[in-house]
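One structure is given below, encoded as structure tokens.
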Amino acid sequence: VYLLTLYEAANRYGVKISVCTLLKTEKEEYLTLDREINPKLFSSEYVYTSGEKEIAAYACGRLFEKELFRDIRFPVGKLYEDLFTIHKVMLPVLQIAMIEDPLYYYYVNPDGITNTIVNKKRLDILEAYAELLQYLRQNGFMRVYRMAVHRYLHLLCHYRNRAVEQWNDSLLNKRIK
């Protein structure tokens, strides 16, 4: 049903992308909307930054015109493939139909690949952000760029702290033996 709703929203406004809000959940749950769904038009920057709250670089809960991906592909063998790709599709589009109601349920699997892998593949996110920052700066998306820099620096600090913890744990284990 959500795809039909996204399709109708895109048709209503004659746009190439329509999106809905995600409901992140760790359990099986369903909400019923007891009101009429009313899509609105927003700038691509507004939608890409979730109303300037966060970088929303994911493909789920979105409907794209096929032509937008003519020359764009998701990278093979990378984690966080959406982060490498979605900005190239969304940001050049001027307006996007947005449904601010949660029509897509995103299951957050605590045992999923991005929550359990503890190897260098997790660092793909840093590479994706580096590419994103370069794209944003080169194409003049400075408001989004500033948000992405903030998130990138946060991630760098997070991975630095994890590395220090692992190093300290390693030293402690050597002393115990």
Side-chain angles (χ1 to χ4, degrees), residues 2-3 6-7 9-24 39-100 102-104 106 108 112-164:
Y2 93 93
L3 286 174
L6 290 176
Y7 177 77
N11 263 354
R12 177 177 176 181
Y13 290 109
V15 295
K16 297 179 180 199
I17 302 173
S18 59
V19 304
C20 65
T21 302
L22 303 181
L23 177 65
K24 291 184 180 183
K40 298 175 185 165
L41 278 180
F42 291 98
S43 73
S44 59
E45 286 187 46
Y46 181 87
V47 173
Y48 187 75
T49 59
S50 291
E52 302 182 1
K53 293 180 217 141
E54 65 178 345
I55 300 294
Y58 43 81
C60 55
R62 295 163 184 218
L63 186 65
F64 301 92
E65 187 176 278
K66 179 181 172 182
E67 182 65 21
L68 295 172
F69 282 94
R70 183 182 44 172
D71 299 322
I72 298 172
R73 297 289 179 265
F74 290 93
V76 175
K78 298 280 188 190
L79 294 182
Y80 309 100
E81 63 277 357
D82 290 0
L83 187 58
F84 280 96
T85 309
I86 293 302
H87 60 279
K88 298 172 191 171
V89 177
M90 286 185 72
L91 291 174
V93 174
L94 295 178
Q95 291 191 310
I96 294 174
M98 182 175 181
I99 298 165
E100 296 180 284
L103 301 180
Y104 188 94
Y106 183 86
V108 180
I113 193 165
T114 57
N115 289 327
T116 57
I117 292 179
V118 256
N119 65 25
K120 65 182 181 177
K121 288 301 288 173
R122 289 288 302 272
L123 298 178
D124 285 353
I125 195 169
L126 299 178
E127 180 185 349
Y129 262 98
E131 286 185 22
L132 171 63
L133 290 170
Q134 180 179 2
Y135 176 89
L136 295 171
R137 189 167 189 155
Q138 286 176 347
N139 291 284
F141 295 106
M142 297 314 290
R143 186 172 39 199
V144 182
Y145 175 81
R146 285 188 290 278
M147 288 183 70
V149 165
H150 178 77
R151 177 69 177 135
Y152 184 62
L153 292 174
H154 175 80
L155 286 168
L156 287 173
C157 290
H158 170 75
Y159 283 111
R160 178 221 170 260
N161 292 341
R162 296 253 342 250
V164 168

Considering only heavy atoms from C-beta outward, does the side chain of [X] approach that of [Y] to under 4.5 Å?
X    : Y   : value
L22  : Y58 : yes
L3   : L63 : yes
E100 : F42 : yes

Run the side-chain donor-acceptor check on residues 128-142: report pairs under 3.5 Å with partners two or more places apart or on a different chain.
from: R137; atom 1: NH1; to: Y145; atom 2: OH; distance (Å): 3.3
from: N139; atom 1: ND2; to: Y135; atom 2: O; distance (Å): 2.8

Rounded to the nearest 0.5 Å, the CG atom of L6 sits from the CZ atom of F64 at a distance of 10.0 Å
Anything under 3.5 Å between a donor and an acceptor, one on a side chain of residues 84-98, the other on a protein residue two or more places apart or in another chain? List them.
from: T85; atom 1: OG1; to: E81; atom 2: O; distance (Å): 3.0
from: H87; atom 1: ND1; to: L83; atom 2: O; distance (Å): 3.4
from: K88; atom 1: NZ; to: F84; atom 2: O; distance (Å): 3.4

So for atom [atom1], which belongs to [X], do other residues, nucleotides or ligands contribute more than 12 heavy atoms lying within a distance under 6.0 Å?
X    : atom1 : value
H158 : NE2   : yes
Y7   : OH    : no
Y159 : OH    : yes

Using every non-hydrogen atom in the two residues, find where [X] and [Y] come nearest and quote the distance to one decimal.
X   : Y    : value
K78 : P75  : CG-CB, 3.8 Å
G61 : Y2   : CA-CE1, 4.1 Å
C20 : L103 : SG-CB, 3.7 Å

Margin query: One thing to verify: whether E67 and K16 come together as a salt bridge, which I'm taking to mean a side-chain N less than 4.0 angstrom from a carboxylate O.
Written below: no
Using the side chain to side chain contact (heavy atoms under 4.5 Å, CB included) rule, take R160 and L156 through it: C-alpha gap first, then chi angles, then the decisive distance, then the call. CA-CA 6 Å; R160 178 221 170 260; L156 287 173; over 6 Å; no
inquiry  = Under a 3.5 Å distance rule, please check whether Y13 uses its side chain to pair with a backbone N or O of P39 as donor and acceptor.
reply    =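 At least one qualifying donor-acceptor pair exists.
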